[in-house]
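In what follows, a single structure is set out as structure tokens and then discussed.
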Amino acid sequence: MSDPTISSGVVIHGGVGTLPPDRMTPELEAAYREALRESLLAGSAALQNGGSALDAAVESVKVMEDSPLFNAGRGSNFDERGVITMDASVMDGATLRAGAVAGVVETRYPVELARTVMERTEHLMLIGEGADALARVEGLQLAEPAFFHTDRRWADLQRAKEQVGARPNVLGGDPSEKSGTVGAVARDRNGHLAAATSTGGMANKTWGRVGDSPIIAAGTYAGPHCAVSCTGWGEYFIRNAVAYDVHARMEYLGVSLEEATRGVIHGKLERQVPGAGGMVAIDSEGAIALCFNTPGMYRGWIAEEGEPSVAIFGEG
Ligand code: ASP
């Protein structure tokens, strides 16, 4: 069944790193569903208050960054040293302006910092200490590294180390152990599109590793045809310029959003690596897509004046 069309609204993902059914208790599932709903409501509230698509995407992502359940902001994965480094990006489809940060350690909302890079500097991407320094200069909220730590992600790091030994960036058989990311795409009343993505990256990542989430055209893209936010095994998303590929298929082949997203996730990517990941997308008419080739993806959508719809497992 195709995904619905909404005039203005928000579509979100909380990553393809869904917990396997044996670790997903009814309480945890309810907590995930509630967090997804809160994120959607924050995005639609931004739209109702006259906010732009970018405002909505950023507000939705901030809620998931604040939730310890998702691998972004608080609750992010640890790298091989046991340190949390976070990446994020935003893109405004109306202007093609974009901002990104990688390897930040003390910015409470990395997605807000990505937006600040876009709006307050002449650059597109800042990394590491320089990025955190901009957060300080611009008065963004900071947090101690301990704020981002959760016992669950610490346990995931230990499991990832046992599973993959010396090969830190290999996605094992169970993606829930290593991956996750949050993202949102939105369309506002003016028909403008925007995308935002934020992540702690993959558990046990090599010190300094950056995935697709802060890379414009790989993990995030927004243009006149559609806005896309991805989740999954970042190296493959970078090589395949996944988010931009969806936009390019619509622009150059004239295909629908559904055909473009399925062609990338279930065609190109799945041929290279089964279980590579997924994405959410919205097009200029408000058609939406929530597409993945993994056992599940935390996800949901809301029309500006509507009720949130959320899902975790099932067909993507
Ligand atoms: N794409 C993210 C990364 O590679 C991880 C994920 O979405 O699961 O850093």
Side-chain angles (χ1 to χ4, degrees), residues 12-20 32 61 64-65 69-73 75-80 83-89 100-105 110-111 114 125 127 148 152-153 156-157 159-160 164 167-185 195-221 228-246 264-265 269 272-281 290-299 312 316:
I12 61 168
H13 69 78
V16 287
T18 50
L19 282 167
Y32 270 107
V61 164
M64 292 187 282
E65 285 181 335
L69 295 172
F70 302 102
N71 172 26
S76 282
N77 273 329
F78 292 90
D79 72 9
E80 62 179 356
V83 173
I84 288 176
T85 64
M86 299 165 287
D87 312 328
S89 63
V101 292
V104 299
V105 299
V111 73
M125 183 180 230
I127 62 165
F148 300 102
R152 172 182 154 196
R153 298 293 177 194
D156 284 347
L157 173 66
R159 249 192 305 273
V164 298
R167 300 176 64 213
N169 280 328
V170 175
L171 192 68
D174 180 356
S176 66
E177 308 287 327
K178 292 175 66 77
S179 59
T181 280
V182 308
V185 295
T197 310
S198 181
T199 191
M202 291 168 82
N204 199 27
K205 63 190 178 183
T206 300
W207 179 10
R209 181 263 188 187
V210 176
D212 61 313
S213 307
I215 308 288
I216 296 303
T220 304
Y221 195 79
V228 182
S229 171
C230 301
T231 167
W233 192 350
E235 282 71 8
Y236 282 87
F237 281 69
I238 297 172
R239 282 178 216 172
N240 289 286
V242 164
Y244 179 69
D245 193 10
V246 171
V264 173
I265 294 291
L269 269 184
Q272 288 175 39
V273 51
M279 61 173 58
V280 292
L290 304 96
C291 188
F292 50 98
N293 60 21
T294 44
M297 178 169 82
Y298 299 113
R299 62 196 187 280
I312 300 176

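What's counted below: heavy atoms across the whole structure, side chains too, no hydrogens, waters or symmetry copies. For ligands, and for the atoms within them, numbers begin at 1 and follow the listed sequence.
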Quiz prompt | Test item: R299 side-chain N/O and M297 main-chain N/O as donor-acceptor pair under 3.5 Å | solution = yes
Quiz item: Short list, please: which atoms of ligand 1 are under 4.0 Å from a heavy atom of T181?
Solution: 1 (N), 2 (C), 5 (C), 6 (C), 7 (O), 8 (O)
Quiz item: Is any side-chain heavy atom of R152 less than 4.5 Å from a side-chain heavy atom of L19?
Solution: yes
Self-check item: Which segment of H13 sits under 4.0 Å of ligand 1 when only heavy atoms are counted
Solution: neither
Exercise. Hey, can you tell me if Y32 and Y298 have their rings parallel, tilted or perpendicular (30° and 60° cut-offs)?
Key: parallel
Practice problem: Find out whether T199 and M86 are in side-chain contact, i.e. whether some heavy atom of one side chain is under 4.5 Å from a heavy atom of the other. | Solution: no
Quiz item: Is R209 salt-bridged to E235, going by a charged N under 4.0 Å from an acidic O?
Solution: yes
Quiz item: Is M64 close to I12 at the side-chain level, that is, under 4.5 Å between some pair of heavy atoms?
Solution: yes
Quiz prompt | Of the listed options M297, R209, K205, closest to atom 4 (O) of ligand 1 (non-hydrogen atoms) | solution = R209
Self-check item: Part of S213 with heavy atoms under 4.0 Å of ligand 1, whether side chain, backbone, both or neither
Solution: side chain
Exercise. Pull out every atom of ligand 1 sitting under 4.0 Å from any heavy atom of D212, numbered as shown with elements.
Key: 1 (N), 2 (C), 3 (C), 4 (O)
Practice problem: Would you mind running through ligand 1 and noting each atom that sits below 4.0 Å from a heavy atom of G180? | Solution: 5 (C), 6 (C), 7 (O), 8 (O)
Quiz item: Under a heavy-atom criterion of less than 4.0 Å, does G15 contact ligand 1?
Solution: no
Exercise. Return yes or no for this condition: an N or O of G201 is under 3.5 Å from an N or O of ligand 1.
Key: no
Exercise. Taking only heavy atoms of T231 into account, list the atoms of ligand 1 that are under 4.0 Å away from them.
Key: 6 (C), 7 (O), 8 (O)
Self-check item: Beyond-backbone contact of T85 with V104, side-chain heavy atoms, under 4.5 angstrom
Solution: no
Quiz item: Okay, side chain of N240, backbone of Y236: is any donor-acceptor separation there less than 3.5 Å?
Solution: yes
Quiz item: Does the N or O separation between V16 and ligand 1 drop below 3.5 Å for any pair?
Solution: no
Quiz prompt | Where ligand 1 meets G234 - atom numbers and elements under 4.0 angstrom, heavy-atom basis | solution = 4 (O)
